Amino acid sequence: MNMRVIAVFALMGILLAIVGMVQSWNVAFNILNLCVISAIMTLGVNMQWGYAGLVNFGVMGFVAVGGLAAVVIAMPPVEAAWQAGGGRLMLGFGVMAVVIAVATAFWRMTKHRLSRRARYIIMAAILVLGYGLVRYITDAAVVAIEAVEPAKSGYLGGFGLPILLSWAVGAVVAGIVAMLVGRIALGLRSDYLAIATLGISEIMIYILKNEDWLARGVKNVSGLPRPVPYEIDLQQKAWLNQLAETSGQSLANASSIIVKLCYLSLFVAVLVGLFWLAEKALRAPWGRMMRAIRDNEVAAEAMGKDVKGRHLQIFILGSAVLGLAGAMLTTLDGQFTPHSYQPLRFTFLVWVMVIVGGSGNNYGAIIGGFIIWFFWIEAEPIGLWLMDALTAGLDADSPLRVHLLESAAHTRLMTMGVIMLLVLRFSPKGLIPEAKR
Amino acid sequence: MVDIINALVLIANFIVVPGLTYGCQLGLGALGITMIYSVLRFSNFAHGEMMSFGAMTTILMTWWMQAQGISFGAVPTALFALPFGIVAVIALTLTADRLVFRYYRSIKAPPVTMLIVSMGLMFFLGGLIRFIIGPDDQNFFDGQRFIINARQFKEMTGLNEGLAIKTTQGMTLILAVLMVGFVFWFLRHTRTGKSMRAYANNEDLALLSGINPERVILVTWVITAFLVTLAGTLYGLDKSYKPFTYLSLLLPIFASAIVGGIGSPIGAILGGFVIAFSELTITFAYKRVLGYLLPQSLEPQGLMQLLSTDYKIALSFLILVLVLILKPTGIAGGKVI
Amino acid sequence: MSFLIGKDMVAGYGGATILKGCTIGVEQGEIAVIVGPNGAGKSTAMRALFGLLDLTSGAVMMDGQDIGALKPQMRVQLGMGFVPQTANIFTELSVEENLEMGAFLHPDDFADAEEQVFELFPILREKRHQLAGELSGGQRQQVAVGRALMTEPKILMLDEPTAGVSPIVMDELFDRIIDIAHQGIAILMVEQNARQALEIADKGYVLVQGENRFTDSGKALLADREVRQTFLGG
Amino acid sequence: MISVKNLVKTFGGIRAVDGASMTIAEGSITGLIGPNGAGKTTLFNVVAGVYQPDAGQVMLGGDDITGLPPHELFHRGLLRTFQIAHEFGSLTVRENLMMVPSPQAGENLLNVWLRPRRIRTEEHSIAQKANDVLDFLQLAGLADEYAGNLSGGQKKLLELGRTMMVDARIVFLDEVGAGVNRTLLKTIGDAILRLNRERGYTFCMIEHDMDFIARLCAPVIVMAEGSVLAQGTAKEVKANPQVIEAYLGTGSRHRKQRA
Amino acid sequence: RHGDDKPEGGVEVARDVKIGVILGYTGPIESLTPDMAAGAELAMKEVNDSGAFMDGLKVTPVRGDTTCTDAQAATATTERLITSDKISAIVGGDCSGVTTAMLENVALANGVVMISPSATSPALTTVKDDGLFFRTAPSDARQGQVVTDILMDRGIKTAAMTYTNNDYGKGLADSIKANYTAAGGTITINIPHEDGKADYSAEVGSLAQAGGDILIVAGYLDQGGKGIIQTSLDNGAFDRFFMPDGMIGDSLPEAIGPALNGSIGDFPGTDSPGAATFQSMASDAGFKGDGPFAPESYDAAALIMLAMQKAKSTNSQDFKGYIEGIANAPGEKVYPGELGKALKMIDQGTEIDYVGASAVELVNGGESAGNYREIEVQNGENVTVKFR
Ligand SMILES: Nc1ncnc2c1ncn2[C@@H]1O[C@H](COP(=O)(O)OP(=O)(O)OP(=O)(O)O)[C@@H](O)[C@H]1O
Ligand SMILES: Nc1ncnc2c1ncn2[C@@H]1O[C@H](COP(=O)(O)OP(=O)(O)OP(=O)(O)O)[C@@H](O)[C@H]1O
Ligand SMILES: [Mg+2]
Ligand SMILES: [Mg+2]
């Protein structure tokens with residue numbers, strides 16, 4: 001078992017090294033950085049699916065929430081927007097909170113006092129009036145905020161704090177969102193839960209796309225501050241010039257590699273920490289309880305386990321990890337673009353990683369993140385190379401060869417598909433299956 | 001009186017007809033999903049691409065027929081190319097089963113492994129299709145476009161509002177209803193259908209009853225091939241064929257299957273309608289309808305829209321979540337056929 | 001040589017060998033009963049006889065022919081019927097559809113056979129349109145046996161058919177089994193209600209840790225003090 | 001200890017439990033018998049919180065426990081087994097037992113990360129206990145096997161074993177005997193008696209093996225068609241003509257023929 | 001297809017120059033990109049055929065996929081093309097999100113010139129780019145004015161509007177709305193639509209109810225934009241449309257048929273013959289030259305090569321400063337198909353003003369200024385009726 005873990009990770013290292021040598025080390029480190037972030041996402045999903053059997057197809061939404069946190073924490077505030085409508089908007093939120101509080105209080109207090117029908121009617125009235133009131137207050141504020149230099153800002157901006165802080169905030173906010181989602185959806189059975197969470201995450205993305213005051217919507221926020229130095233600043237530094245000269249690298253290369261290594265060390269620190277926590281938990285009675293719940297909820301409930309509560313707990317934890325990964329990703333990208341949160345990229349791909357790696361197993365989840373990300377990026381050159389090799393015998397401008405090379409981009413998808421099928425064929429329980437304890 | 005009829009026509013034209021069509025399109029897709037789910041026990045994410053593949057082969061065949069000068073007047077040529085598409089998809093599904101799914105069945109892999117495997121197939125097919133026909137839009141409709149169009153309708157009735165019904169809309173509606181009825185009847189009342197459900201429920205016991213699993217699987221894929229080709233082609237005829245849309249179509253199709261209750265053929269169609277009509281009715285601007293119905297003095301100023309179309313898709317998911325909260329196994333109480 | 005016989009069967013799951021060369025056989029018109037402690041390999045032996053599990057060595061013969069290479073569905077066609085110990089009904093099919101699946105290979109005389117099952121287990125007639133998965137434990141067991149009876153087998157194999165059924169139904173069931181045997185059908189049965197079962201058995205096997213410990217007529221085993229003490233609960 | 005009043009539970013049109021009332025006295029071993037489909041298991045499920053009743057009330061001690069979720073009932077000392085075994089298939093047999101005690105310090109994540117020592121000692125004692133139970137059930141050899149791979153009877157034993165992992169006040173046993181070897185069942189019967197006498201467990205058990213019932217249970221409650229048909233000692237019940245008619249029968253034809 | 005083994009920088013000893021064509025070949029705009037790439041590659045072929053480029057150097061295109069949405073994949077691809085394939089400049093990216101990521105995370109660090117043929121986001125105007133980033137797609141602000149002028153001149157006072165829900169559509173719609181309202185027009189409704197979706201009946205329903213003399217569709221001609229027009233015509237919601245640049249192309253009138261006659265639009269271009277030339281060149285080469293951003297792609301590639309020629313270097317740092325000068329007046333006007341001539345003129349020291357297929361004019365540190373043609377669909381064809 002342990003041999004297998006070592007072998008698979010060694011293989012991964014070799015693959016990256018090959019990329020480093022054949023293509024370039026910059027590419028290798030670029031891939032590695034995202035491998036690590038992917039591995040954090042898979043850890044999150046694996047907690048939910050592998051430990052507890054919860055199918056969360058809302059990965060995309062939680063990652064996006066984490067990304068939003070990066071914007072809100074790190075971008076400088078837009079003073080003009082705050083002046084134009086910030087106060088009014090906050091007032092609106094305050095009113096919203098009051099409305100919700102009043103509604104819940106009413107619901108609780110009248111439980112045995114009013115007839116069901118009366119309760120529903122009054123409740124509906126409170127909500128509708130509240131909604132109207134909130135909209136009345138916020139609409140004007142939103143218009144005012146979005147009118148402030150719409151091409152450049154048009155949103156409230158953030159708090160201008162160090163972006164690393166957003167990693168923690170992203171996790172917390174994603175956790176809070178997960179709590180709300182979990183309360184609604186966790187009663188559902190597997191496939192239903194999958195689609196419900198997917199649906200909710202779509203809703204979340206739509207909010208991000210359409211509420212411009214929050215993070216500019218589809219107009220994107222770019223130029224997020226970095227936690228690491230900029231390449232062009234590094235290139236001015238004497239020590240780097242020296243280093244580049246001694247190592248025979250070009251200045252640009254050297255500076256990019258250094259930046260990537262800086263990111264890498266941050267990411268790896270997070271991954272190792274999370275891994276330790278997750279591994280501890282999985283091996284403790286807590287993990288045993290979770291697996292028991294996964295196997296048979298009815299029996300676990302009869303053995304005194306609060307299945308609902310535990311489901312919620314793991315849902316929150318896993319989603320928080322996804323939020324953390326989302327904030328890290330946005331930090332690395334330096335921008336927040338709601339459009340990029342597509343189910344294919346963030347839900348399906350991450351699930352593929354978990355299953356290919358081997359669910360219920362933290363090593364498996366991590367290696368799944370590494371391998372699949374690697375091929376997600378390298379499938380394009382591999383496909384191109386394949387096409388070239390396949391048609392090498394053909395005339396340089398034979399129509400078939402031309403067509404094949406022209407459509408080479410699509411071999412990226414095909415290659416990806418074939419690789420997935422092959423891996424799952426030869427280790428159907430994932431590269432590193434769940435261990436017996 | 002005329003006002004009321006005008007209002008009704010308005011609603012028919014902008015809500016009922018498109019809703020029925022779109023609902024049926026989703027329903028046909030969802031029916032295929034349900035078919036695979038209820039017999040082979042996994043959510044087939046390659047479904048969208050299979051639909052696309054079916055439409056593609058039909059298109060290629062249509063082009064060929066058109067090139068040979070074969071045409072059928074008012075009826076779209078594609079309808080006659082359809083059988084060839086179906087044969088091609090049968091070949092595809094059976095090959096895919098043979099090369100891919102069979103192995104996982106034999107080792108009794110859990111449904112999510114099958115699901116992920118079908119994603120692998122989705123990637124592969126997606127690439128293959130673009131490879132063959134390219135990523136572009138393809139128009140392959142010929143024949144008569146409208147059963148009745150808005151202008152004709154206005155002239156005929158002398159009403160203010162027009163009503164348009166496209167040939168493809170009529171076709172979609174009829175075929176979808178026929179297919180649902182057939183699948184329901186087949187699973188419910190034929191021996192083969194029942195044996196398929198039995199196989200799905202307890203494979204070992206099915207063996208002990210003398211049911212031949214190979215046959216069950218064969219029949220399942222054949223019916224699925226019918227469904228996907230039909231759904232893919234009708235959709236392509238009505239809107240237009242473009243590989244990428246079939247990927248986007250996957251989500252609403254799954255949503256329909258789930259809302260209706262996955263595993264239930266009737267549920268599939270119902271789910272399709274719920275998704276389609278929730279989008280249409282809630283984002284519809286009722287200004288003109290109310291304009292007809294209310295006295296002039298009360299005529300509304302705003303658009304009278306419950307929710308902006310910005311949130312159209314979010315809305316269909318919201319409905320989905322609401323339905324599931326109220327009825328956790330879907331409208332038709334899934335999993336039980 | 002018996003009508004159906006598994007000779008010196010060795011089989012297991014993955015690493016563990018469960019059957020260590022046991023032999024089990026039954027004649028036409030005869031009732032054979034297997035008893036033994038939990039985990040002795042009784043169910044495994046039944047599964048091996050039916051081809052649901054591959055033998056490492058040994059042979060399965062029916063009517064003098066080696067059927068070891070046949071798939072389970074082929075054995076069904078040869079006339080073997082089987083009620084497994086667990087997962088023995090189609091939970092998502094109605095009671096009637098369960099029976100119908102039993103008659104999958106001979107749909108023609110379905111109505112008659114169904115009538116017979118309903119006579120044996122009257123409660124099933126009432127529940128015929130209910131999903132089998134919603135039945136009580138004992139009712140499920142009745143459906144399971146009913147389904148196997150519907151296959152009109154030449155040899156009927158039952159793995160603990162009476163587990164969880166009420167005394168009155170158990171008696172009915174045993175009576176029916178005797179009737180069936182009288183029609184010339186071979187019956188092989190695993191039972192924990194061992195005393196009642198051995199009473200009607202022509203032949204009894206005591207299986208321990210995958211090996212034959214005692215083999216004799218039902219009566220003789222019942223009379224054996226050691227057998228009663230260690231395996232039949234005194 | 002437990003009293004059930006006019007309990008009703010329906011599934012669609014089927015009245016599975018139809019106005020049943022009964023009390024299970026503290027310290028008793030109460031037998032619950034009745035024809036297949038009488039509603040025994042359903043009654044258990046309602047009492048144990050798996051189903052919400054449509055009408056009626058369940059009291060434990062002096063408290064109304066109607067509709068409480070199962071895990072809370074567990075903490076109040078109410079344990080149950082399942083007629084159709086509900087093992088945790090991908091846990092080993094030992095883990096199946098070790099997960100039972102609740103709450104465990106190791107089920108709290110903060111403890112897991114911050115107080116490993118405490119968990120280790122706790123685990124040690126739980127494992128000890130699990131091993132004892134496994135020895136008793138003759139399952140020790142299979143301790144590290146996945147529970148999913150057990151034989152039918154072994155799964156039933158595991159069901160019983162779980163109730164032995166903690167100190168319960170009342171234990172509901174749903175046909176633990178079905179599929180269990182009769183010699184072993186005798187030993188189990190002894191254990192039940194011992195738990196009852198020495199540790200004061202109250203038992204309520206469904207069983208179709210009348211010898212077993214007669215040996216252990218007093219009183220015996222007979223259910224039929226969702227309500228209580230008769231109640232009394234095993235002997236009384238056996239002699240009750242209604243019970244014979246509905247449940248026990250008059251013996252098998254062939255036995256009568258031979259007699 | 002292996003890169004030369006010499007390290008980059010220093011003396012140019014390379015036998016050929018590689019230019020990355022980094023666009024979304026898979027993903028939501030996969031149907032637009034093949035023509036865009038073909039446009040860029042056509043320019044390179046033309047240059048190669050002329051033999052006049054930097055003493056006979058050959059230019060090779062290297063394609064890379066951005067997926068349009070996946071910033072991580074786009075950066076990785078760019079990283080690979082720059083550091084492994086050693087491309088000297090980039091035509092791309094396409095969608096604004098990935099373009100920003102490519103620029104900020106890779107191109108800037110490596111000092112490589114990027115000319116995007118299609119990213120229109122105003123945010124890219126102000127991004128810190130070290131003088132490396134340009135685009136041949138016009139910015140939205142100008143187009144809003146042009147659209148307003150056309151509508152007002154034709155006396156159209158009310159309009160419904162829908163835009164594709166990305167930064168291009170949103171930015172354009174905002175700009176149209178602002179200009180049009182200021183000029184006294186009324187936008188009855190302004191709603192987004194998502195590209196690549198299954199059905200647009202709901203959007204069309206709302207648009208129809210709000211009404212208006214015309215429907216402005218700020219989308220893409222083979223994406224949701226087409227779906228909206230088709231659906232509107234099918235159920236009789238609108239019969240006249242305004243189509244901004246993303247919607248103009250022969251394929252649309254072809255697909256929709258006579259119902260589109262009378263609809264109007266605008267498209268970048270002057271009365272220069274560039275666009276027409278490019279179109280016929282494209283159809284000779286077997287691709288659609290009128291698709292959105294195909295001419296811009298041709299121009300992007302052409303500008304890169306002309307600037308290299310002028311700088312006598314393929315190093316971005318050397319030639320980035322010449323791009324704007326070549327694109328703008330004064331100088332000899334250069335049209336598609338004249339790249340060889342232009343290269344020679346540059347060698348001779350003649351000042352040139354590259355007009356190209358889309359009449360590029362770079363302002364604001366690297367954006368297209370945008371001249372527009374007013375289009376009207378007549379007899380199933382896009383006809384230019386006026387220049388603005
Ligand atoms: N989920 C359900 N849906 C519908 N009917 C049900 C359901 N569960 C039980 N029933 C019906 O309720 C009745 C009582 O079932 P229950 O399982 O309580 O019987 P029981 O007394 O335990 O029988 P047995 O001795 O066979 O275990 C049966 O007729 C059964 O068919
Ligand atoms: N799928 C399996 N994988 C591994 N071991 C198994 C599997 N099924 C059964 N076993 C083991 O094989 C042994 C014999 O099982 P079997 O089911 O044949 O027992 P049995 O005699 O029928 O017992 P019971 O009376 O309890 O039903 C048991 O120890 C069991 O743990
Ligand atoms: Mg057994
Ligand atoms: Mg029961």
Side-chain angles (χ1 to χ4, degrees), chain A residues 49 53 55 57 181 184-185 187-207 209-211 342-344 348-349 351-356 359 379 383 403-404 406-425 428-430, chain B residues 37 42-43 45-46 99-100 103-104 107 109-117 119-132 134-135 243 247-248 250-251 254-255 257-259 261-263 308 310-325 328-330 334-335:
Chain A
W49 164 247
V55 191
F57 266 21
V181 174
I184 301 172
L188 299 169
R189 270 205 344 249
S190 55
D191 298 83
Y192 296 88
L193 180 61
I195 298 294
T197 45
L198 187 60
I200 294 173
S201 70
E202 285 275 6
I203 297 174
M204 284 150 66
I205 302 300
Y206 270 82
I207 293 175
K209 275 188 185 171
N210 288 310
E211 300 303 320
Q342 304 272 340
L344 186 72
F348 300 165
L349 195 64
W351 268 87
V352 167
M353 291 169 177
V354 173
I355 301 296
V356 165
S359 59
H403 176 71
L404 288 180
E406 290 247 297
S407 336
H410 306 306
T411 54
R412 164 148 176 261
L413 292 179
M414 274 204 266
T415 315
M416 191 64 209
V418 170
I419 288 170
M420 273 170 65
L421 292 176
L422 285 180
V423 172
L424 279 176
R425 178 62 183 250
K429 288 191 174 153
Chain B
Y37 184 85
F42 69 96
S43 303
F45 271 70
L99 295 181
V100 182
Y103 169 70
Y104 300 96
I107 59 164
V112 334
T113 306
M114 300 280 271
L115 186 155
I116 299 294
V117 164
M119 277 187 195
L121 190 65
M122 168 180 94
F123 281 119
F124 179 80
L125 280 180
L128 183 69
I129 288 164
R130 287 161 177 77
F131 219 88
I132 296 176
L247 178 65
S248 331
L250 192 65
L251 283 196
F254 260 102
I258 294 277
V259 166
I262 190 162
S308 144
D310 299 18
Y311 283 105
K312 164 181 122 170
I313 297 174
L315 185 79
S316 57
F317 283 110
L318 193 68
I319 300 277
L320 172 111
V321 173
L322 284 180
V323 168
L324 288 184
I325 289 170
T329 52
K335 229 186 167 188

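Only a predicted model underlies this, so the values are computations on that prediction, with no experimental measurement involved. Residue numbers start from 1 in every chain, and the chains themselves are labelled A, B, ... in the order their sequence lines are given, proteins ahead of strands. In what follows, every heavy atom counts, from backbone to side chain, and hydrogens, waters and symmetry copies are set aside.
- Contacts between Ile355(A) and chain B at a heavy-atom distance below 4.5 Å involve the side chain alone, from C-beta outward.
- Proximity to chain B (any heavy atom under 4.5 Å) is restricted, for Leu188(A), to the side chain, taken from C-beta onward.
- A donor-acceptor pair is defined here as one N or O able to donate and one able to accept, closer than 3.5 Å; such a pair exists between the side chain of Arg425(A) and the backbone of Leu99(B).
- Interface residue Met420(A): only side-chain heavy atoms are found under 4.5 Å from chain B.
- Of the atoms belonging to Tyr104(B), it is side-chain heavy atoms, and not backbone ones, that fall under 4.5 Å from chain A.
- Heavy atoms closer than 4.5 Å to chain A are found in the side chain of Ile107(B), but not in its backbone.
- For Leu115(B), the part sitting under 4.5 Å from any heavy atom of chain A is the side chain, from C-beta outward, and nothing else.
- Contacts of Leu125(B) with chain A are absent, with no heavy-atom separation under 4.5 Å from either backbone or side chain.
- By number of non-hydrogen pairs under 4.5 angstrom with chain A, the leading residue of Leu250(B), Leu315(B), Leu251(B) is Leu251(B).
- Ala185(A) does not touch chain B: none of its heavy atoms, backbone or side chain, sits under 4.5 Å away.
- Contact of Val117(B) with chain A is made through backbone and side chain together, with heavy-atom distances under 4.5 Å.
- Contacts with chain B were tallied for Ser190(A), Pro343(A), Gly430(A), Gly417(A); Gly417(A) has the most, counting heavy-atom pairs under 4.5 Å.
- For Leu344(A), the side chain to side chain contact (heavy atoms under 4.5 Å, CB included) test picks out Phe348(A), Met122(B), Phe123(B), Leu247(B), with sequence neighbours left out.
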Quick one, Ile200(A) with Phe317(B), criterion side chain to side chain contact (heavy atoms under 4.5 Å, CB included). Give me CA distance, side-chain angles, the key distance, then yes/no. CA-CA 7 Å; Ile200(A) 294 173; Phe317(B) 283 110; over 6 Å; no
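- Judged purely by atom type and a 3.5 angstrom limit, Tyr192(A) uses its side chain to pair as donor or acceptor with the backbone of Ile262(B).
- Note: Tyr103(B) leads Tyr103(B), Phe254(B), Phe45(B) in heavy-atom pairs under 4.5 Å with chain A.
- Leu320(B) touches chain A through its side chain: at least one heavy atom from C-beta onward sits under 4.5 Å away, while N, CA, C and O do not.
- Proximity of Leu421(A) to Val100(B): side-chain heavy atoms (C-beta onward) are separated by under 4.5 Å at one or more points.
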